[in-house]
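Here the structure comes first, spelled out in structure tokens, and everything after it is commentary.
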2 protein chains.
Amino acid sequence: MPTTKTLRTGSAQKRDAILDAARRLFIGDGFDRTSVDAVAAGAGVSKRTVYDYFGDKVTLLAAVVESAGKTLVATIDRTLTETLGGVTEAERLEDALVAFAEQIATQTLGSAEYATLLRLAHGLISLEGEILADEPEEAVAQRLAELADAGLLTAPDPRLAADHLIALTFSVVGNRYHSDVTPEKARPLLVAGVQAFLRAYRREA
Amino acid sequence: MPTTKTLRTGSAQKRDAILDAARRLFIGDGFDRTSVDAVAAGAGVSKRTVYDYFGDKVTLLAAVVESAGKTLVATIDRTLTETLGGVTEAERLEDALVAFAEQIATQTLGSAEYATLLRLAHGLISLEGEILADEPEEAVAQRLAELADAGLLTAPDPRLAADHLIALTFSVVGNRYHSDVTPEKARPLLVAGVQAFLRAYRREA
DNA sequence: ACTACACTACACCGTGCAGTGTAGTTTCTG
DNA sequence: CAGAAACTACACTGCACGGTGTAGTGTAGT
């Protein structure tokens with residue numbers, strides 16, 4: 001049995017299309033309510049191809065989670081640099097954090113979608129990419145540690161601070177508007193969350 | 001006649017047993033992966049009785065959510081009174097909030113289970129008990145408003161403060177330990193969350 | 001042109017499960 | 001005791017879906 005098919009030009013595109021459709025449908029309709037036929041149709045591909053690529057439905061879910069995780073971490077890293085890169089003054093910190101939160105909260109593959117995926121996978125996937133499931137938090141933690149070193153924050157436990165920032169922004173938005181998040185509704189909540197975070201973690205003068 | 005059977009209302013014990021088994025199984029295995037046969041078996045009742053009581057599976061889920069919501073709100077109200085009832089000094093506020101959070105976070109039908117139920121119901125239930133889905137938050141908000149009136153907190157928007165307290169405690173715990181929460185693991189996180197909350201919302205001297 | 005392979009279309013199987021119908025048994029009540 | 005209501009046991013239908021097998025088509029490389 002040939003385990004790995006020799007990839008053809010354009011094969012990676014089909015794989016991505018399947019992953020994309022699966023992510024969209026899994027998040028929108030749930031894992032069990034999404035049929036593999038629907039995924040195939042959504043990807044413009046035959047069902048057989050889906051099975052040829054991923055073997056079974058659970059493996060497909062695992063691939064979706066892994067792919068989404070990598071994408072999200074990359075996005076977070078990039079966005080952190082864009083928004084918090086050159087911030088050295090306390091005055092600009094709030095705006096920068098709000099900008100970061102707004103990006104990640106309202107992105108197509110943002111914190112909400114990833115959280116949903118992790119919940120779908122929970123219990124079905126025998127923790128392979130699970131160890132890196134909290135990479136997003138770690139990325140934020142590292143950046144907060146740098147801000148603390150720069151004297152802008154007091155964060156003895158950066159990972160905890162990251163969890164708190166995430167909770168005050170993404171979790172609050174997620175709890176209020178369970179799936180249908182719009183930038184307009186999210187923004188005031190994000191601003192308030194960042195302000196509360198800064199009240200708790202700002203470096204005292 | 002294909003008329004609708006008038007749903008039976010007697011024997012509240014059996015009804016509760018069904019609700020209980022359904023909640024346990026829905027939360028543990030998910031809605032789609034839980035068969036009505038399993039619910040009936042778990043409740044020690046015939047499948048037919050389940051259908052006589054609740055009509056169909058989605059209606060059963062709705063009943064579970066409504067029942068759990070009422071129970072949770074009652075528990076929250078009681079626990080809030082027990083822990084925060086006579087608190088008028090800032091020194092005792094932290095311990096009281098931690099005690100409250102610990103109760104609700106580790107209870108059998110606590111914040112985590114209710115959040116899971118709301119997610120299961122989301123999209124399946126045409127918002128009947130949905131309007132009261134944020135009653136828990138409102139209950140906390142009301143109590144925080146009282147604490148603000150007593151001069152212990154600064155909370156211009158009590159509902160927002162409640163969302164932040166909930167996020168800093170229950171959401172953080174839920175994000176880290178997705179389903180398997182033990183009091184031992186939760187406690188330090190809850191203490192840290194309450195402390196962060198107080199840093200953000202304490203009345204400045 | 002030949003071969004190898006990615007891919008599709010489609011039929012097909014097995015199964016698990018929602019929901020129903022019903023006959024028979026227990027239990028409550030007048 | 002009589003009769004109704006609650007409940008069980010069980011058989012049964014219909015369907016959706018996961019997964020497979022296969023014959024055939026398009027396409028790339030030699």
Side-chain angles (χ1 to χ4, degrees), chain A residues 1-26 28-65 120-121 123-126, chain B residues 1-26 28-65 120-121 123-126:
Chain A
M1 286 294 291
T3 51
T4 52
K5 279 183 180 176
T6 48
L7 293 182
R8 195 176 168 180
T9 63
S11 279
Q13 291 176 9
K14 280 211 158 71
R15 205 189 128 94
D16 284 351
I18 296 169
L19 248 22
D20 223 60
R23 177 173 49 77
R24 203 175 54 243
L25 290 166
F26 287 166
D29 302 341
F31 179 72
D32 298 286
R33 269 181 295 280
T34 299
S35 68
V36 177
D37 291 270
V39 172
V45 145
S46 85
K47 175 162 80 159
R48 207 61 182 81
T49 301
V50 175
Y51 279 102
D52 284 342
Y53 269 103
F54 297 98
D56 62 28
K57 202 185 172 189
V58 172
T59 306
L60 172 60
L61 174 62
V64 167
V65 171
L120 292 182
L124 294 177
I125 295 176
S126 47
Chain B
M1 312 181 283
T3 61
T4 56
K5 264 185 188 174
T6 48
L7 297 183
R8 302 177 185 179
T9 50
S11 182
Q13 289 181 9
K14 280 213 158 70
R15 206 190 128 93
D16 284 351
I18 296 169
L19 248 22
D20 222 59
R23 176 173 50 77
R24 204 175 54 242
L25 290 166
F26 286 166
D29 302 341
F31 179 72
D32 299 283
R33 269 181 294 280
T34 299
S35 68
V36 177
D37 291 272
V39 172
V45 146
S46 85
K47 174 162 80 159
R48 206 62 183 77
T49 299
V50 175
Y51 279 101
D52 283 342
Y53 268 101
F54 296 98
D56 63 28
K57 202 184 172 189
V58 172
T59 306
L60 172 59
L61 174 61
V64 167
V65 171
L120 291 182
L124 293 178
I125 294 176
S126 48

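In what follows, every chain begins at residue 1, and chains take the letters A, B, ... in the order their sequences are listed. Please read these numbers as outputs of a predicted model, since none were measured by experiment.
Side-chain atoms of D56(A) and T59(A) include a donor-acceptor pair closer than 3.5 Å.
Overall bending of the helix from dA1(C)-dT30(D) to dG30(C)-dC1(D), expressed as the angle between end axes built from five pairs apiece, is 20° (10° steps).
Following rounding to the nearest Å, L61(A) (CG) and dG18(D) (P) show an atom-to-atom distance of 12 Å. Summarising the geometry, the separation between CD1 on I18(A) and P on dA6(C) is reported as 13 Å, rounded to the nearest angstrom. For the pair D29(A) CG and dC17(D) P, the computed distance is 11 Å after rounding to whole Å. Counting to the nearest Å, the P atom of dA23(C) and the CZ atom of R48(B) are 13 Å from each other. Atom CG of D52(A) is separated from atom C1' of dG18(D) by 15 Å (rounded to the nearest Å). The distance between atom CG of L124(A) and atom C1' of dG18(D), rounded to the nearest whole Å, is 14 Å.
Across every non-hydrogen atom of A21(A) and A43(A), the tightest pair is CB-N, 3.7 Å. Here the shortest heavy-atom pairing between A62(B) and I125(B) reads CA-CD1, 3.3 Å. Taking all atoms of both residues into account, the shortest heavy-atom contact from R24(A) to G42(A) is NH2-O, 3.9 Å.
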Between protein and nucleic acid, restricted to nucleotides 15-18 of chain C and to nitrogen or oxygen atoms under 3.5 Å apart, what atom pairs and distances do you find?
unit_1  : atom_1 : unit_2 : atom_2 : d
dA18(C) : OP1    : T34(B) : O      : 3.4
dA18(C) : OP1    : K57(B) : NZ     : 2.7
dA18(C) : OP2    : V36(B) : N      : 2.9

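Side chain of K57(B) to main chain of T34(B): a donor-acceptor pair is present (N/O by atom type, distance under 3.5 Å, no hydrogens or angles).
Phosphate proximity of dC7(C) to Y53(A): present, with a side-chain N or O under 4.0 Å from OP1 or OP2. Distances shown here put a side-chain N or O of T49(A) below 4.0 Å from the OP1 or OP2 atom of dT8(C).
No cation-pi contact links K14(B) to Y53(B), judged by a cut-off of 6.0 Å to the six-membered ring centre and 45° from its axis.
With values rounded to the nearest 0.5 angstrom, L60(B) atom CG is found 7.5 Å from I18(B) atom CD1. To the nearest 0.5 Å, atom CZ of residue F26(B) and atom CG of residue L19(B) are 9.5 Å apart. Distance CZ/F31(B) to CG/L25(B): 12.0 Å, rounded to 0.5 Å.
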